[in-house]
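Hydrogens, waters and symmetry mates are skipped; everything else that's a heavy atom, side chains included, is used.
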Amino acid sequence: MEALRSNCELKEPHSWYIFVTTGALGLVLGHPFDTVKVRLQTQTTYQGIIDCMVKTYRHESLLGFFKGMSFPIVSIAVVNSVLFGVYSNALLALTATSHQERRAQAPSYTHVFIAGCTGGFLQAYCLAPFDLIKVRLQNQTEPRAQPGSPPPRYRGPVHCAASIFQAEGPRGLFRGAWALTLRDTPTLGIYFVTYEWLCHQSTPDGQNPSSATVLVAGGFAGITSWVTATPLDVIKSRMQMAGLEQRAYRGLLDCMVSSVRQEGLGVFFRGLTINSARAFPVNAVTFLSYEYLLHSWG
């Protein structure tokens, strides 16, 4: 959900490189927080954010916070290309206006929301296998292998993917995909609408938003989207770990009911604080980096 500026035009030859660069920057910046979030959502051994961070550092060193980052880095080009390609073309189809024309006359928020939801829906299935592997690797709490110590279950992302395929079949790589789709579809619509609205409120008509506006709008858009996404994000992460724990949920609803029965309604808000804390700087930097690179390349 570390999105870039919504009114980008994908026809520019350098857009793909901008997407990769800014997406990777946001990913590296936010991954340690994401690791803590995933562990809080799927494990009950931590008393809170600080306890999780301290135990992770003591047991796994600083590298423990970056487990599972390699596949997201590799997949960022595919994910962003799908998201922004679909979004840009959906908005073009809805408004029948070019990128330059949209600068002068902003599209309606209904069109922005529909285009964002469309992009979120289609990118979810491209993201699902990569996200599953990321979550599985992030939940490996073993320290770095020492001579004579047993190896971790997964030796890396490729081994993780092959192991899941062998043990759970092709469908295993898409475990939690439906929850991911339900999370991303409305969330990305809300994200784009929030960003565009905040930029529009702070920018004179026909002008580009200032750096300060981009930072604030991107940061608050990220927070808003994660507030709405966190409940389903919890369920998504738990369903992704279910195969490893040999616990079979009968579906998304069963996972929700089982989680509430065991841990109460508060389970849906696990990771919300760190999600929000991560969302502001990651999205602010991602948007600002994108604007800067777009200006430099232009």
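Looking at L272, I274, T273 one by one, the single match for side chain to side chain contact (heavy atoms under 4.5 Å, CB included) with S276 turns out to be L272.
In the model, Y195 has no side-chain atom that pairs as donor or acceptor with a side-chain atom of N283 under 3.5 Å. When only modelled atom types and interatomic distance are considered, S259 and R238 share a side-chain donor-acceptor pair under 3.5 Å.
Remark: T44 pairs with E263, R270 by the side-chain contact (heavy atoms from CB on, under 4.5 Å) rule, at least two apart or across chains. In terms of the side-chain hydrogen bond (donor to acceptor under 3.5 Å, both in side chains) criterion, Q47 has no residue partners (sequence neighbours excluded). With sequence neighbours excluded, no residue satisfies ring pair (Phe, Tyr, Trp, His ring centres under 6.0 Å) with F65. Every residue meeting the side-chain contact (heavy atoms from CB on, under 4.5 Å) condition with T228, not counting sequence neighbours, appears here in chain and number order: T187, I190. In this view, S202 satisfies the side-chain hydrogen bond (donor to acceptor under 3.5 Å, both in side chains) rule with no residue, not counting sequence neighbours. Residues meeting the side-chain contact (heavy atoms from CB on, under 4.5 Å) test with V28, sequence neighbours left out: M69, I73. Qualifying side-chain hydrogen bond (donor to acceptor under 3.5 Å, both in side chains) partners for T56, counting only residues two or more places apart in sequence or in other chains: R39.
For the side chain to side chain donor-acceptor pair (under 3.5 Å) condition, the pairs that include at least one residue of residues 124-133, sequence neighbours left out, are D131-K236, D131-Q240. Each ring pair (Phe, Tyr, Trp, His ring centres under 6.0 Å) pair with one or both residues in residues 250-283, not counting sequence neighbours, appears once here: F220-F280. Applying the salt bridge (Lys or Arg N to Asp or Glu O under 4.0 Å) rule to pairs touching residues 72-85 yields nothing, sequence neighbours excluded.
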Could you give the side-chain donor-acceptor pairs of residues 109-122 under 3.5 Å, partners two or more places apart or in another chain?
unit_1: H111; atom_1: ND1; unit_2: S108; atom_2: OG; d: 3.2
unit_1: T118; atom_1: OG1; unit_2: I114; atom_2: O; d: 2.8

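Side chains of L252 and L232 form a contact here, defined as non-hydrogen atoms less than 4.5 Å apart.
In the hydrophobic clustering, L253 connects to V257, either directly or through intervening members, whenever side-chain heavy atoms lie under 4.5 Å apart.
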